[in-house]
Amino acid sequence: MDTGATDAVHRIPDISVIVPVYNAEMTLHRCIKGILSQTHTDFELILVNDGSTDSSLEICRSYSEKDSRVKVVDKPNEGVSSARNAGLDNATGTYVAFCDSDDYPEKDWLRSMRGQAGEDGLVVCAYRIHSAGGSVTDMLLSGADLVRRYDDPTDILGELLRERLLNFVWNKLFVRSRIESASLRFKEAFKVFEDECFVLDYLIAGCHTVYVPYCGYNYFLPEGFIRKYSFDIDRYTEVIDTVYRLLGTGSRSRPALSRRRMPAIPSLVYWYKTALAPYVAAHGYSECRDRIRFASRIARDFSSGPLNHLSLKILPCRTIYFILKCRRRPDKR
């Protein structure tokens with residue numbers, strides 16, 4: 001089904017690849033070359049320049065002049081979610097994939113996912129993390145050497161979210177008609193967790209998911225990741241509320257599933273606690289009480305064993321508040 005670049009301009013592309021670009025001149029060539037070298041060639045590449053002040057826009061335009069599959073969208077700087085939304089507004093492909101301008105895909109990234117794609121659902125591939133220190137880690141689903149299909153959201157969350165395979169958009173292939181019918185777009189108010197929220201909202205629209213055990217994407221972890229981003233507790237609460245909805249419960253209501261059937265996802269508790277700590281440091285107990293109660297609830301629902309996050313499960317809210325208050329220290333660097 002693959003066709004060359006010369007034919008793609010005359011027909012609807014199979015896949016729209018969306019790349020948000022902001023001051024990425026140091027890594028942009030590597031990213032674009034990785035995409036244009038894909039073994040699955042039936043795609044359009046939408047480069048969304050988000051108000052770059054370096055040579056990124058010129059680089060994007062130089063590729064569009066050489067390859068008819070490349071489109072350039074130039075817009076004011078409004079953030080990565082706004083750039084991705086602009087890409088979705090301009091996409092025409094049957095499927096949608098995302099790539100970040102400081103990362104790059106392996107040559108079979110698109111082919112590995114397209115081979116498992118259907119008329120709905122989601123395809124997820126493994127990926128590779130490159131740390132700032134130079135170490136490389138393959139993020140594969142443990143014990144899954146073959147393609148695996150999921151239809152139950154409990155299994156999807158319990159395996160793929162727990163193993164950090166659902167948290168990002170760039171290791172996935174989405175059905176564009178599903179995105180449009182559900183009116184899905186990235187939440188532009190989010191500064192972090194916007195990927196995770198988009199994926200979870202997409203799964204609510206149709207949760208059939210296929211996992212492909214191929215490390216098709218190279219993700220470069222930013223140095224000082226934890227300190228770089230503000231983990232807004234209200235934004236992350238929205239993520240967890242979406243998890244509850246996907247599991248068939250109402251936001252903040254008691255789970256429809258018994259706790260014995262809730263998926264073990266201790267990372268949900270970890271990230272909520274990470275967001276809770278700076279909030280506690282800046283607020284009084286009465287302002288924090290409901291958020292601490294919510295932390296205790298998700299610790300009971302999603303922890304991986306009786307001892308995991310034990311303090312959140314058994315200690316009174318006021319005690320948890322003072323523990324977090326005492327542990328929070330300003331950055332001494």
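Excluded from the calculations below are hydrogen atoms, water molecules and symmetry mates; all remaining heavy atoms, backbone and side chain alike, are included. Values in this document were obtained by computation on a predicted structure and should not be read as measured data.
- In the hydrophobic clustering (ILVMFWY side chains linked at under 4.5 Å, chained through shared members), Y22 stands by itself.
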H40 and D108: CA distance, side-chain angles, deciding distance, side-chain hydrogen bond (donor to acceptor under 3.5 Å, both in side chains) verdict: CA-CA 7 Å; H40 182 89; D108 288 326; over 6 Å; no
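- S296 contributes a side-chain N or O that, together with a main-chain N or O of L312, makes up a donor-acceptor pair within less than 3.5 Å.
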Between side-chain atoms of residues 97-104 and protein atoms elsewhere (two or more places apart, or another chain), which donor-acceptor pairs fall under 3.5 Å?
{"from": "D100", "atom 1": "OD1", "to": "R84", "atom 2": "NH2", "distance (Å)": "3.0"}
{"from": "D103", "atom 1": "OD1", "to": "F220", "atom 2": "N", "distance (Å)": "2.9"}
{"from": "D103", "atom 1": "OD2", "to": "Y217", "atom 2": "OH", "distance (Å)": "2.9"}

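- A continuous path of Ile, Leu, Val, Met, Phe, Trp and Tyr side chains, each step under 4.5 Å between heavy atoms, connects L247 with L161, placing both in one hydrophobic cluster.
- Salt bridge status for R128 with E106: present, with a side-chain N to carboxylate O gap under 4.0 Å.
- Seen from the ring of Y211, R149 does not count as a face-on cation partner, given the 6.0 Å and 45° thresholds.
- Ion pairing between E238 and R235 holds under the 4.0 Å rule for side-chain N and carboxylate O.
- With sequence neighbours excluded, the residues forming a ring-ring contact (aromatic ring centres under 6.0 Å, His included) with F168 are Y127, W170, Y219, listed by chain and number.
- With rounding to the nearest 0.5 Å, the separation of CG in L140 from OG1 in T137 is 11.0 Å.
- Side-chain atoms of Q38 come within 3.5 Å of backbone N or O of G34 as a donor-acceptor pair.
- Using a 3.5 Å distance cut-off with no hydrogens or angles, the side chains of T92 and E44 do pair a donor with an acceptor.
- Take Y285 and apply the ring-ring contact (aromatic ring centres under 6.0 Å, His included) test, not counting sequence neighbours, and it matches Y321.
- Applying the salt bridge (Lys or Arg N to Asp or Glu O under 4.0 Å) test to E196 and every residue at least two apart in sequence or in another chain returns nothing.
- Every residue two or more places apart in sequence or in another chain was checked for a ring-ring contact (aromatic ring centres under 6.0 Å, His included) with F190, and none qualifies.
- In this structure E78 satisfies the salt bridge (Lys or Arg N to Asp or Glu O under 4.0 Å) test together with K75, sequence neighbours excluded.
- A ring pair (Phe, Tyr, Trp, His ring centres under 6.0 Å) with F302 is found for one member of F294, W271, Y244 and no other, namely Y244.
- In this structure D89 satisfies the salt bridge (Lys or Arg N to Asp or Glu O under 4.0 Å) test together with R185, sequence neighbours excluded.
- When atom types are taken as modelled, the side chain of S135 and the backbone of S131 share no donor-acceptor pair closer than 3.5 angstrom.
- Surrounding CG of D145 are at most 12 heavy atoms belonging to other residues, nucleotides or ligands under 6.0 Å away.
- Aromatic ring centroids of F174 and Y202 lie under 6.0 Å apart.
- Side-chain atoms of S52 come within 3.5 Å of backbone atoms of N23 as a donor-acceptor pair (strictly under, hydrogens ignored).
- A donor atom on one side chain and an acceptor atom on the other are not found under 3.5 Å apart for S181 and S177.
- With sequence neighbours excluded, no residue forms a ring-ring contact (aromatic ring centres under 6.0 Å, His included) with Y214.
- Between H309 and Y270, the ring centre distance reaches or exceeds 6.0 Å.
- Hydrophobic cluster membership for V80: none, as no Ile, Leu, Val, Met, Phe, Trp or Tyr side chain comes under 4.5 Å of it.
- In the model, S81 has no side-chain atom that pairs as donor or acceptor with a side-chain atom of E194 under 3.5 Å.
- The salt bridge (Lys or Arg N to Asp or Glu O under 4.0 Å) search around D234 returns R291, not counting sequence neighbours.
- Formation of a donor-acceptor pair under 3.5 Å by the T39 side chain with backbone atoms of K107 is found in this model.
- Every side chain to side chain contact (heavy atoms under 4.5 Å, CB included) that S304 has, sequence neighbours left out, goes to A264, P266, N308.
- Between R245 and D241 there is no salt bridge, since none of the side-chain N atoms of the basic residue sits less than 4.0 Å from a carboxylate O of the acidic one.
- With 3.5 Å as the limit, one finds no donor-acceptor pair spanning the side chains of N85 and S82.
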